[in-house]
Amino acid sequence: MRLATWNVNSVKARLPRLLDWLATTRPDVLCLQETKCAATAFPTAEVGELGYTVAAHGDGRWNGVAVLSRVGLDDVTRGFRDEPGFPDPEARAVAATCAGVRVWSVYVPNGRTPDSPHFLYKLTWLAALRDALADDLARGPLAVCGDFNVAPTDADVWDPALFVGSTHVTPPEREALAELRRLGLTDVVPTPMKGPHPYTYWDYRAGMFHQNKGMRIDLVYASGDLAALVGGAYVDREARKGKGPSDHAPIVVDLTEGGTPPTAPAAGP
DNA sequence: ATGGCGCATCCAATGCGA
């Protein structure tokens, strides 16, 4: 199975690039974040022509997540039990079972600044997500994919000194990720296609991408049984190039079938 | 080459992103 995740920063604005990418990369399952459209406005027919069915969760202007699959899409859930809101729950999580794998697409709240109420919302949301995942993990192989808005380590930001006092790098945020890993989830770290750091996000401004000043904030957390099947994973930074990209690049994870360990790990397209 | 914010919205000034 080829599993991927991508914060597209508006699925409508990104539709031509999304369709090209789907046709080229052919993931079996794709998690999307920041679709920025209502579920009813999702371009279901367009991706359907490429063989994908859609589970979309959207509330309009902001947020919005989806799971696209061409290997089945069962038991779709939007949001989760006791999901916090700001103040009302937002469209930040959708899950579906695809070919026996429980797949979550999540868009973790940004947090804005550490002294903002939105920061507490972020931590509360992550804690509630952990509880919801604990229930799902008992049922079989699971992958949580998405924009976590947390850089797990200092190596995951281009200049740690500049991030002191900012969100995405604070101990409480990193502890919230550690709590997810303590459930038995493994951080599937992708191979960068260039440079030593598997960054997944580069700000649009000031030439950050071409200077490779990025952050690794999009993550794939896989249950142990699933993580053992990972044959390769990479950041598709090609998708960040050119005219009209998202500010995030997709992560692509290849899983071997049938429970046999990978023999020749390979990264890249 | 990888190129210097972009997206959505009561349409234009603002909220949001990290």
Side-chain angles (χ1 to χ4, degrees), chain A residues 6-18 21 32-43 56 58-66 85-88 90-92 106-123 125-126 146-170 172-174 176-177 192-219 234-250 268-269:
Chain A
W6 193 7
N7 179 324
V8 286
N9 186 17
S10 171
V11 71
K12 290 181 191 170
R14 218 63 59 210
L15 189 58
R17 290 185 71 122
L18 173 63
W21 188 85
L32 296 177
Q33 301 86 37
E34 283 207 82
T35 55
K36 293 185 175 177
C37 75
T40 51
F42 196 93
D59 49 23
R61 182 174 181 181
W62 289 305
N63 314 309
V65 288
F86 194 77
D88 300 316
E90 302 171 313
R92 295 184 176 275
V106 300
Y107 177 50
V108 176
N110 173 287
R112 300 181 188 172
T113 59
D115 59 354
S116 163
H118 208 264
F119 186 77
L120 183 58
Y121 168 46
K122 180 179 195 174
L123 296 178
W125 195 91
L126 280 166
D147 179 353
F148 284 73
N149 272 319
V150 181
T153 73
D154 279 352
D156 296 314
V157 297
W158 61 275
D159 186 352
L162 286 182
F163 284 85
V164 172
S166 299
T167 57
H168 295 64
V169 300
T170 67
E173 291 167 277
R174 288 176 171 168
L177 290 189
M193 286 169 66
K194 181 183 178 184
H197 303 288
Y199 298 144
T200 62
Y201 163 84
W202 300 261
D203 196 294
Y204 283 124
R205 291 166 284 194
M208 298 293 270
F209 178 62
H210 76 266
Q211 297 174 72
N212 199 26
K213 294 178 175 177
M215 305 173 74
R216 184 171 81 97
I217 53 175
D218 300 272
L219 307 173
Y234 67 96
V235 180
D236 188 0
R237 69 190 302 285
E238 295 297 314
R240 181 63 178 78
K241 298 180 181 178
K243 182 177 169 58
S246 169
D247 44 0
H248 295 250

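Order of the sequence lines sets the chain letters (A, B, ...), proteins ahead of strands, with each chain counted from 1. Computed from heavy atoms alone, side chains included, the values below leave out hydrogens, waters and symmetry copies.
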Using the [atom1] atom as the point on both nucleotides, what is the distance between [M] and [N], in whole Å?
N: dA18(B); M: dC5(B); atom1: C1'; result: 13 Å
N: dA12(B); M: dA1(B); atom1: P; result: 40 Å
N: dG4(B); M: dA8(B); atom1: C1'; result: 23 Å
N: dC11(B); M: dG17(B); atom1: P; result: 22 Å
N: dG6(B); M: dC10(B); atom1: P; result: 22 Å
N: dG15(B); M: dT9(B); atom1: C1'; result: 10 Å

Requested in this report: Send over the distance from Asn212(A) CG to dG3(B) P, rounded to a whole Å.
Outcome: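 Distance check: Asn212(A) CG to dG3(B) P gives 13 Å.
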
**Report entry** d(CZ, Arg237(A); P, dG3(B)) in whole Å
**Finding:** 10 Å

Report task. Could you list the residues that satisfy ring-ring contact (aromatic ring centres under 6.0 Å, His included) with His210(A), not counting sequence neighbours? Result ->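 For His210(A), no residue satisfies ring-ring contact (aromatic ring centres under 6.0 Å, His included) once neighbours in sequence are set aside.
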
Query - Where protein sits on nucleotides 10-18 of chain B, one letter per nucleotide: B base, S sugar-phosphate only, - none, heavy atoms under 4.0 Å - result: ----BBSBB

**Report entry** Parallel, tilted or perpendicular: ring planes of His248(A) versus Tyr201(A), cut at 30 and 60 degrees
**Finding:**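 Tilted: the ring planes of His248(A) and Tyr201(A) meet at 30° to 60°.
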
Report task. Using the side chain to side chain contact (heavy atoms under 4.5 Å, CB included) rule, take Phe119(A) and Glu173(A) through it: C-alpha gap first, then chi angles, then the decisive distance, then the call. Result -> CA-CA 9 Å; Phe119(A) 186 77; Glu173(A) 291 167 277; 3.3 Å; yes

Query raised in the report: Can you find a heavy atom in the side chain of Trp158(A) that is under 4.5 Å from one in the side chain of Asp203(A)?
Result: no

Query raised in the report: Are Phe86(A) and His118(A) close enough that their ring centers fall under 6.0 Å?
Result: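 Yes.
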
Report task. Run through Thr200(A), Asp156(A), Thr153(A) and flag the one making a side-chain hydrogen bond (donor to acceptor under 3.5 Å, both in side chains) with Arg216(A). Result ->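 With Arg216(A) as partner, side-chain hydrogen bond (donor to acceptor under 3.5 Å, both in side chains) holds for just one option, Asp156(A).
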
Report summary line: Closest to the 5' end of DNA chain B, once Gly242(A) and Arg14(A) are matched to their nearest nucleotides, is Gly242(A)

